[in-house]
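For reference, the structure discussed in these notes is given below.
Below, chains carry the letters A, B, ... as their sequence lines are ordered, and counting in each starts from 1. Just so it is clear, the values below take in all heavy atoms, side chains as well, and ignore hydrogens, waters and symmetry mates.
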Amino acid sequence: MLDIKLIRENPAGVRDRLKTRRCSVDIAALLELDERRRAAITEGERLKSQRNEVSKKIGVLKKAGEDTTEIQHQSRELGEQIAARDADVRSIEETQHQWLLAIPNLPHESVPEGEDATQNVVVREWGLRHDFSFTPQDHVALSETLGLFDFERAARLAGAGFPLATGAGARLKRALIQFMLDMHTTQHGYTEVAPPHIVSTAAMIGTGQLPKMAADMYELPADGLWLIPTAEVPVTNIYRDEIIRQPLPIKLVAQTPCFRREAGAAGKGTRGLIRVHQFNKVELVQFVPPATSYAALDKLVGDAENVLQALGLPYRVLLLSSGDMSFAAAKCYDIELWAPGHGGWLEVSSCSNFESFQARRANIRWKNAEGKNEFVHTLNGSGVALPRLMVAILENGQQADGSVVLPEALRPYMGGLERLTPQA
RNA sequence: GGAGAGAUGGCGGAGUGGCCGAACGCGCCGGUCUUGAAAACCGGAUCCCGCGCAAGCGGGACGGGGGUUCGAAUCCCUCUCUCUCCGCCA
């Protein structure tokens, strides 16, 4: 949520920056509404001040045993006027609040202006995309011969897009989770948390999924709850409505399933594990002092990259253009893995600085150096998402004989196994 | 799911209709004393919003929301959460 004061102080600047993400807001109308809101508040407070005086007088007169019928009548009338003013204020505030909730974050000045993903900027590339002496297979074919996933039978359980890992595939998934959590907690300074996978509407509003993304999420209407689309939601909301007293930054890592309806996304290019309704993801979340949030973002991207480097997988880092960023982000880097069988890059991580956008929605503050309450900056990034990571491991590690050589760093988590071999 | 108890400032804990934003204790900040520290003593400190260049003025907040009343931390309703007991249960 943007600060209405910022909009008031620099309406043209806000409008222009929103325009770079193809969002146009009627700033003038919003400010006019704000004008009305403040006028109603001022008038209501003037009346309340009057009533307070009159009430005080009633107390004094009663104590003196005097008649207060007339003055009580006066106070009651004031009360009625106040109630009317308060109703105005509430209704205007509600309108304004809904309006502000629907406005995306302002892009940071370092974000390249662009219409969409085609204007994203490749910041760096790491690792070698090696040539195969044979035609590389895609992960669906590989996992079939290796017996890692059963896509056919999985459809019986919840339909397409809900993968069923089997045997070494299930173990690989577990090993990767363990491997990544260990790395972030022991090398990057994160504290592991294990949050609920279901959250309230308030939590979804706090991180910005609602009201905009309702159609993309699984809802439990009987309970007013939602399945999380990412651990970002429960983990960021841990500190909702709180003034954080402990020293910042707070760095948390969580591994959870993520549920996404991906409505309308089925079809080509979504085979196997590429785009699924349920997947696991290791998520990094930080609460930092505003002054350090951009340095923290760079470091956060590095934390995710370290996972891929340790696994020896070729990747590239993109700086997203203003038009391609998600609703709440001020700046965002994507990390994409090279998938030779798929023949393209696969996004496995998205690392964003939300500045105070989420903190303002979720009301997360801290005591800054001057002892003043201030909204924190929140960041998060995948570290990393599992299905596409598995795709890359399989497709990059495949051999001519159909086996897959596992990254060395992963072997201790696979009971020393060096390679996945076809089932007899 | 049923019955009961409770929710007050950073923490503990008073306060049951009218200068209560809230006694008191702890903790915190500043000062005096001290070579330094502790102790003791003195002083200070909540947050949100509106108006104002500012000094400041005003409004609101005692878990959330609503109500009664001229006036609510205090009375009523409701929701949430915590605790105790019973039931159910992986």
Side-chain angles (χ1 to χ4, degrees), chain A residues 1-10 30-101 194-206 210 220-226 234 237-248 250 257 287 290 356 358-376:
Chain A
M1 190 159 66
L2 300 183
D3 187 354
I4 186 67
K5 285 180 192 154
L6 173 70
I7 301 175
R8 216 185 289 156
E9 280 160 19
N10 187 5
L30 181 58
L31 286 180
E32 198 234 290
L33 185 73
D34 186 53
E35 196 73 42
R36 285 205 291 130
R37 179 182 68 90
R38 286 180 296 143
I41 289 173
T42 305
E43 175 61 9
E45 289 182 351
R46 191 183 63 77
L47 293 167
K48 282 175 187 169
S49 176
Q50 267 184 42
R51 183 179 62 181
N52 286 346
E53 258 177 62
V54 171
S55 282
K56 212 170 273 181
K57 208 181 286 176
I58 292 171
V60 173
L61 288 175
K62 281 211 160 174
K63 224 164 240 168
E66 294 189 36
D67 176 56
T68 55
T69 318
E70 182 56 32
I71 193 168
Q72 281 194 29
H73 184 70
Q74 192 186 335
S75 179
R76 176 174 265 284
E77 260 175 22
L78 275 171
E80 278 160 15
Q81 291 178 51
I82 289 166
R85 273 305 94 161
D86 280 354
D88 284 352
V89 172
R90 260 199 307 276
S91 118
I92 296 171
E93 273 180 347
E94 180 56 22
T95 306
Q96 182 178 63
H97 188 67
Q98 290 308 321
W99 201 336
L100 286 173
L101 281 181
H197 303 161
I198 293 176
V199 298
S200 65
T201 297
M204 285 294 189
I205 290 173
L210 289 177
L220 304 168
D223 300 289
L225 298 171
W226 306 74
N237 275 283
I238 289 174
Y239 291 100
R240 192 172 83 239
D241 291 323
E242 186 168 329
I243 297 167
I244 299 175
R245 306 273 166 183
Q246 58 193 283
L248 298 184
I250 294 171
F287 304 83
S356 59
Q358 291 182 328
R360 186 168 281 107
R361 286 175 162 247
N363 193 28
I364 304 171
R365 292 171 295 170
W366 73 307
K367 289 243 182 250
N368 66 18
E370 293 90 58
K372 296 295 288 178
N373 294 342
E374 183 181 27
F375 289 114
V376 301

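- In this structure B:rC81 sits in a base pair with B:rG6, meeting the Watson-Crick or G-U test at under 3.5 Å.
- Side chains of A:Glu77 and A:Gln81: no donor on one and acceptor on the other come within 3.5 Å.
- With a 6.0 Å radius and a threshold of 12 heavy atoms from other residues, nucleotides or ligands, A:Lys367 has its NZ atom above the threshold.
- Taking the P atom of each, B:rA90 and B:rC81 are spaced 24 Å apart, rounded to whole Å.
- For B:rA22 and B:rG59, the P atoms lie 14 Å apart once the distance is rounded to whole Å.
- For A:Ser49 and B:rG59, the shortest distance from a side-chain N or O to OP1 or OP2 is below 4.0 Å.
- Atom CG of A:Asp241 is separated from atom C1' of B:rC48 by 13 Å (rounded to the nearest Å).
- Electrostatic pairing of A:Glu43 and A:Arg46 counts as a salt bridge here, judged by a charged N lying under 4.0 Å from a carboxylate O.
- A:Ile82 has its CD1 atom 8 Å from the P atom of B:rG60, to the nearest Å.
- Of the possible donor and acceptor atoms, one in the side chain of A:Arg361 sits under 3.5 Å from a partner among the backbone N and O of A:Ile205.
- The partner of B:rC57, taking Watson-Crick or G-U wobble pairs whose two distances both stay under 3.5 Å, is B:rG50.
- Remark: B:rA90 base-pairs with no nucleotide; criterion is Watson-Crick or G-U wobble with both hydrogen-bond distances under 3.5 Å.
- Within 4.0 Å (heavy atoms only), A:Ile41 reaches sugar-phosphate atoms of the nucleic acid but no base atom.
- Shown here, B:rC19 forms no base pair; nothing in the strands shown gives a Watson-Crick or G-U wobble contact with both key distances under 3.5 Å.
- For the C1' atoms, the distance from B:rC47 to B:rG43 is 23 Å, rounded to whole Å.
- At least one side-chain nitrogen or oxygen of A:Asn52 sits closer than 4.0 Å to the OP1 or OP2 atom of B:rG60.
- For the C1' atoms, the distance linking B:rU68 with B:rU16 amounts to 16 Å, nearest Å.
- Of the two residues near RNA chain B, A:His73 and A:Arg46, the one whose nearest nucleotide lies more 5' is A:Arg46.
- Remark: the separation of the P atoms in B:rG10 and B:rG64 is 13 Å, to the nearest Å.
- In terms of position along RNA chain B, the nucleotide closest to A:Lys367 lies nearer the 5' end than the nucleotide closest to the other residue of the pair A:Arg90 and A:Lys367.
- Rounded to a whole Å, the CD atom of A:Glu53 is 15 Å from the C1' atom of B:rG18.
- Among residues two or more places apart in sequence or in another chain, the side chain to side chain donor-acceptor pair (under 3.5 Å) test is passed with A:Glu374 by A:Trp366, A:Asn368.
- A close approach under 4.0 Å does occur between a side-chain nitrogen or oxygen of A:Arg8 and OP1 or OP2 of B:rG50.
- Between the CG atom of A:Asn373 and the P atom of B:rC49 there is a distance of 10 Å, given to the nearest Å.
- In this structure, A:Gln246 places its CD atom where more than 12 heavy-atom neighbours from other residues, nucleotides or ligands lie under 6.0 Å away.
- Proximity of a side-chain donor or acceptor of A:Thr42 to a complementary backbone N or O of A:Arg38 within less than 3.5 Å is detected.
- For A:Arg365, a side-chain nitrogen or oxygen approaches OP1 or OP2 of B:rC48 to under 4.0 Å.
- Distance, A:Arg51 CZ to B:rG60 C1': 11 Å, rounded to whole Å.
- We find that NZ of A:Lys372 is positioned 6 Å from P of B:rC48, with the value rounded to whole Å.
- Straight-line distance between the C1' atoms of B:rA73 and B:rU8: roughly 7 Å, to the nearest whole Å.
- Candidate nucleotides B:rU69, B:rC51, B:rC49 were compared by shortest atom distance to the side chain of A:Thr42, and B:rC51 ranks first.
- Within the nucleic acid shown, A:Lys62 comes within 4.0 Å of at least one base atom, counting heavy atoms only.
- Under the Watson-Crick or G-U wobble criterion, with both distances below 3.5 Å, B:rC41 is paired with B:rG31.
- When heavy atoms are screened at a 4.0 angstrom cut-off, A:Arg85 is found touching no nucleic acid atom at all.
- Residue A:Asp86 contributes atom CG, which lies 9 Å from atom P of B:rG60 at whole-angstrom precision.
- Side-chain N/O atoms of A:Arg38 include one lying less than 4.0 angstrom from OP1 or OP2 on B:rC51.
- Comparing B:rA40 with B:rU46, their C1' atoms sit 28 Å apart, to the nearest whole Å.
- Among B:rG50, B:rG60, B:rG10, the nucleotide with an atom closest to any side-chain atom of A:Arg245 is B:rG10.
- Of the P atoms belonging to B:rA38 and B:rG27, the separation is 12 Å, rounded to the nearest Å.
- Across the protein-nucleic acid pair, A:Lys56 atom NZ and B:rG58 atom C1' stand 12 Å apart, rounded to whole Å.
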